[in-house]
Amino acid sequence: MAYFQYLLEKIISSKIETYPFKYLCLDGFLKPKDYRLLIKEIPLDKKWNHVKNKKTIRRKSWQTQTYTINHKKFRLMNEFSCMIESREFSDALFKLFNINNKYPNGSFKTAWCRDYDGFAISPHQDQNDKILSCLFYLARNNQTPENGTQICTSLKKFKKTNKHLRWLDFKKIKDIEYIKNRFVCWGVNSKSFHAVDIKIDLDSKYPFRDTVRGFYFKDKKKLPQLYSRY
C-alpha cells in the first residue's frame, strides 16, 4: 500500500463539484511514471474472465456485460487496489463528501473491469448498499473520450431506486470524458444519476475500455458476486 500512499494527499486537498450532486473528477491521479507502469502490467484479453449469470437479462446488469481479472496476481494492480480499499482512503473521501456515519461493517472493494463495444447502462443511482462509487480510467490514450461517464439529472421525481431507467426521463448535464489517469467519485444518493454508453472502433489498437470500479459497501458480508470473487 505504501507505493501509492501519496494518493491520500491528493484526495485530502481536492475540491468537489456540487451540481447536480456531489462528485469528484481528479486528473493526473497517479504520478505519470506510476501510471505508465500500471498500464504496462495490465494483461491481454486471454487473462480476463466473463461473469455469467443466466438469470439476468444482459441489458439490465453491467456485471454480465463486463470482463474482470484477479488483480491480486499482479503486484502493482494489487497495490493500487489495496490503497483504494484502505480505511485511510475511505476516511479521506468520507471527510471530503461530509459523510459522518462510519459504517462499522462497511468496506471499500475494487474490481478491474474491461468493457467492449456495445456496453451500456442507462441512467441509474447505484444500489442502496453503496455509499460511495468510484471509477479510475485506465485509458492507453485519449482517443475515445466519449466512453466516459454521463452525469444526469431527472426530469421527473423518482424515489431512491437501483433500477436502470429510461433516457427520455433525464437530461445529460456533463460528460466526464474517458481520458488517461482520471479518477472519479460520487456519493450515492437520490440525485446521483449517471450512465455510460460505450462505442469503440473494433479495428483500433485497444478495442476496449478498462477501468477500476470501486464501491464503499455498507456491509462487507453482503457483497455482490463480482466483489466477493477476489
Side-chain angles (χ1 to χ4, degrees), residues 15-27 51-68 93 96-99 101 103 109 111 113-137 139 144-179 182-201 208-219 222-227:
K15 293 183 179 180
I16 59 176
E17 302 289 337
T18 58
Y19 179 78
F21 54 86
K22 291 182 178 180
Y23 68 92
L24 171 67
C25 181
L26 186 56
D27 290 335
V51 177
K52 296 181 180 180
N53 186 345
K54 295 180 179 179
K55 296 181 180 180
T56 305
I57 299 174
R58 178 183 183 276
R59 302 298 289 183
K60 289 188 176 182
S61 173
W62 68 264
Q63 294 189 34
T64 60
Q65 298 181 59
T66 199
Y67 287 71
T68 60
L93 284 173
L96 187 66
F97 282 88
N98 196 26
I99 298 172
N101 193 325
Y103 300 99
K109 291 294 290 184
C113 301
R114 176 162 289 180
D115 307 312
Y116 294 93
D117 185 58
F119 175 87
I121 313 175
S122 61
H124 62 288
Q125 299 166 319
D126 282 337
Q127 297 169 346
N128 291 327
D129 56 351
K130 298 173 182 175
I131 304 302
L132 289 170
S133 295
C134 299
L135 281 169
F136 182 54
Y137 293 164
T144 56
E146 65 276 10
N147 290 331
T149 305
Q150 290 82 52
I151 299 295
C152 312
T153 187
S154 59
L155 300 176
K156 67 179 188 179
K157 290 185 178 180
F158 288 100
K159 294 181 180 180
K160 184 71 177 70
T161 176
N162 60 4
K163 293 182 179 179
H164 297 167
L165 303 168
R166 303 181 303 172
W167 263 111
L168 60 86
D169 292 324
F170 291 85
K171 177 182 178 181
K172 184 173 72 173
I173 300 298
K174 183 180 178 63
D175 277 311
I176 302 182
E177 296 179 329
Y178 183 68
I179 63 173
R182 170 173 279 180
F183 177 79
V184 185
C185 181
W186 59 87
V188 178
N189 55 55
S190 61
K191 294 183 179 180
S192 58
F193 289 104
H194 57 285
V196 61
D197 189 7
I198 303 298
K199 296 178 178 63
I200 295 174
D201 180 0
F208 48 75
R209 182 188 81 147
D210 285 348
T211 59
V212 179
R213 297 177 197 174
F215 298 102
Y216 190 92
F217 293 95
K218 292 179 183 178
D219 190 347
K222 299 179 180 179
L223 297 175
Q225 178 187 0
L226 181 63
Y227 291 87

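Positions are given from 1, in the same order as the sequence printed here. Keep in mind that the numbers below use all heavy atoms, side chains included, and drop hydrogens, waters and symmetry copies. Nothing here was measured: the structure is a model prediction, and the numbers come from that model.
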Is any side-chain heavy atom of [X] less than 4.5 Å from a side-chain heavy atom of [Y]?
| X | Y | result |
| --- | --- | --- |
| D115 | T66 | yes |
| L93 | C134 | yes |
| D126 | F215 | yes |
| I99 | Y216 | no |
| F183 | L24 | yes |

Rounded at 0.5 Å granularity, tell me how far [atom1] in [X] sits from [atom2] in [Y].
| X | Y | atom1 | atom2 | result |
| --- | --- | --- | --- | --- |
| K15 | L96 | NZ | CG | 11.5 Å |
| L223 | F217 | CG | CZ | 6.0 Å |
| L135 | T149 | CG | OG1 | 4.5 Å |
| D219 | Y103 | CG | OH | 12.0 Å |
| C185 | F136 | SG | CZ | 13.5 Å |

Looking only at non-hydrogen atoms, find the nearest pair between [X] and [Y] and report the distance.
| X | Y | value |
| --- | --- | --- |
| K171 | L155 | CB-CD2, 4.0 Å |
| W167 | S122 | NE1-CA, 4.2 Å |
| I179 | A139 | C-CB, 3.8 Å |
| A195 | P123 | CB-N, 3.7 Å |
| Q127 | P224 | OE1-CG, 4.2 Å |
| G148 | Q150 | O-NE2, 3.7 Å |

The criterion is side chain to side chain donor-acceptor pair (under 3.5 Å); which residues satisfy it with T144, sequence neighbours excluded?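 So T144 forms no side chain to side chain donor-acceptor pair (under 3.5 Å) with any residue.
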Identify, with sequence neighbours excluded, every residue that meets side chain to side chain donor-acceptor pair (under 3.5 Å) alongside K199.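 By the side chain to side chain donor-acceptor pair (under 3.5 Å) rule, K199 matches D197.
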Is [X] reaching over with its side chain to a backbone N or O of [Y], donor-acceptor style, under 3.5 angstrom?
| X | Y | result |
| --- | --- | --- |
| E17 | Y23 | no |
| R209 | I198 | no |
| S133 | W186 | no |
| R182 | E177 | yes |
| H124 | H194 | yes |

Just to verify, what does F97 make a ring-ring contact (aromatic ring centres under 6.0 Å, His included) with, not counting sequence neighbours?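 Scan of F97 (ring-ring contact (aromatic ring centres under 6.0 Å, His included), adjacent residues dropped) gives none.
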ring-ring contact (aromatic ring centres under 6.0 Å, His included) involving Y137 - partner list, sequence neighbours excluded: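 In terms of ring-ring contact (aromatic ring centres under 6.0 Å, His included), with neighbours along the sequence ignored, Y137 is linked to Y178.
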Which residues pass the salt bridge (Lys or Arg N to Asp or Glu O under 4.0 Å) test with K172, sequence neighbours left out?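 Salt bridge (Lys or Arg N to Asp or Glu O under 4.0 Å) list for K172, sorted by chain: D175.
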All salt bridge (Lys or Arg N to Asp or Glu O under 4.0 Å) counterparts of K156, not counting sequence neighbours: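 Partners of K156 under the salt bridge (Lys or Arg N to Asp or Glu O under 4.0 Å) test: D169.
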Could you please spell out the steps behind the salt bridge (Lys or Arg N to Asp or Glu O under 4.0 Å) verdict for D129 and K218? CA-CA 5 Å; D129 56 351; K218 292 179 183 178; over 6 Å; no
NZ or CZ of K109 within 45° of Y227 ring axis and under 6.0 Å: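 Verdict for Y227: no cation-pi partner in K109.
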